[in-house]
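Everything below concerns the one structure shown next.
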Amino acid sequence: IQLAEQLQHIPAPERIVEAALRSVIRQYPEATSAIVSAVEAAGGRMGLPGAISQGIDVPGCKELLDRWRSEPVMLATRFIRAVAAVRLLQLRPASETHVMLALLRHAGTRSNAGILRPSEYLLAALAEVASETQLPTALVLLRAEGLTDPRMPQHAVGTNLLTSIQARASNDSASVR
């Protein structure tokens, strides 16, 4: 949410959204089908966690799927634009960046590539957004101590996630902190 608020007034958000989506797909090829699956779910009134409640109809979603299913970046950018324009959203601000983050998180969940995939999609998008906007971007993990506590069941996954975050931060020339 903070990132979406930071980027709410940037020029050409659609260009940044498209670049972030392309970056995620380039790094995680399974994101192609996961993004389509997430759009299908939202179009089927299953909602988009963090953005659209279940039962909400996304206008034009079926037409978007019919036209752009084979081009997931175009499908996603048009879906994101349509969702950001709807006023029945769970999120504020209702920006394209915020909808993109919700879509990528949900696509990561639907990818069946492990419980870290939603975070990995978001980290890849975050790095691309930071690069495109030339804004230093802060990543804040709330309750991160649970990730590395050896008594917690998710200890190995948490350690892997923190390692991934540290690697991303060191590779992105300090654009992600």
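All values reported here derive from a predicted model rather than from experimental measurement.
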Intermediate values then yes/no, side-chain contact (heavy atoms from CB on, under 4.5 Å), I25 and I35: CA-CA 9 Å; I25 289 172; I35 288 170; 4.0 Å; yes
side-chain contact (heavy atoms from CB on, under 4.5 Å) between Y28 and S111, intermediate numbers included: CA-CA 10 Å; Y28 303 99; S111 73; over 6 Å; no
Test log, rule side-chain contact (heavy atoms from CB on, under 4.5 Å), inputs V58 and V39: CA-CA 10 Å; V58 179; V39 172; over 6 Å; no
Derivation and outcome, side-chain contact (heavy atoms from CB on, under 4.5 Å), residues R45 and Q54: CA-CA 6 Å; R45 295 183 174 212; Q54 286 185 344; over 6 Å; no
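Between R105 and P49, the closest heavy-atom pair is NH2-O, 2.7 Å. Closest approach of A34 to A107, counting heavy atoms only: CB-O, 3.2 Å. Of all heavy-atom pairs spanning E128 and A19, the tightest one is CG-O, 3.4 Å.
R22 meets the side-chain hydrogen bond (donor to acceptor under 3.5 Å, both in side chains) test with E18; sequence neighbours excluded. Residues forming a side-chain hydrogen bond (donor to acceptor under 3.5 Å, both in side chains) with R110 (at least two apart in sequence, or on another chain): S37.
Using a 4.5 Å cut-off on side-chain heavy atoms (C-beta onward), L48 and I56 make no contact. Counting only heavy atoms from C-beta outward, the side chains of E120 and Q27 never approach each other to under 4.5 Å.
Summarising the geometry, atom CG belonging to L101 is positioned 14.5 Å from atom NE2 belonging to H106; distances are rounded to the nearest 0.5 Å. To the nearest 0.5 angstrom, L21 atom CG is 10.5 Å from T32 atom OG1.
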Going by atom type alone, with no hydrogens or angles, which donor-acceptor pairs under 3.5 Å involve a side-chain atom of residues 61-83 and a protein atom two or more places apart or on another chain?
{"unit_1": "K62", "atom_1": "NZ", "unit_2": "D66", "atom_2": "OD2", "d": "3.1"}
{"unit_1": "R69", "atom_1": "NH1", "unit_2": "E40", "atom_2": "OE2", "d": "2.2"}
{"unit_1": "T77", "atom_1": "OG1", "unit_2": "V73", "atom_2": "O", "d": "3.1"}
{"unit_1": "T77", "atom_1": "OG1", "unit_2": "M74", "atom_2": "O", "d": "3.1"}

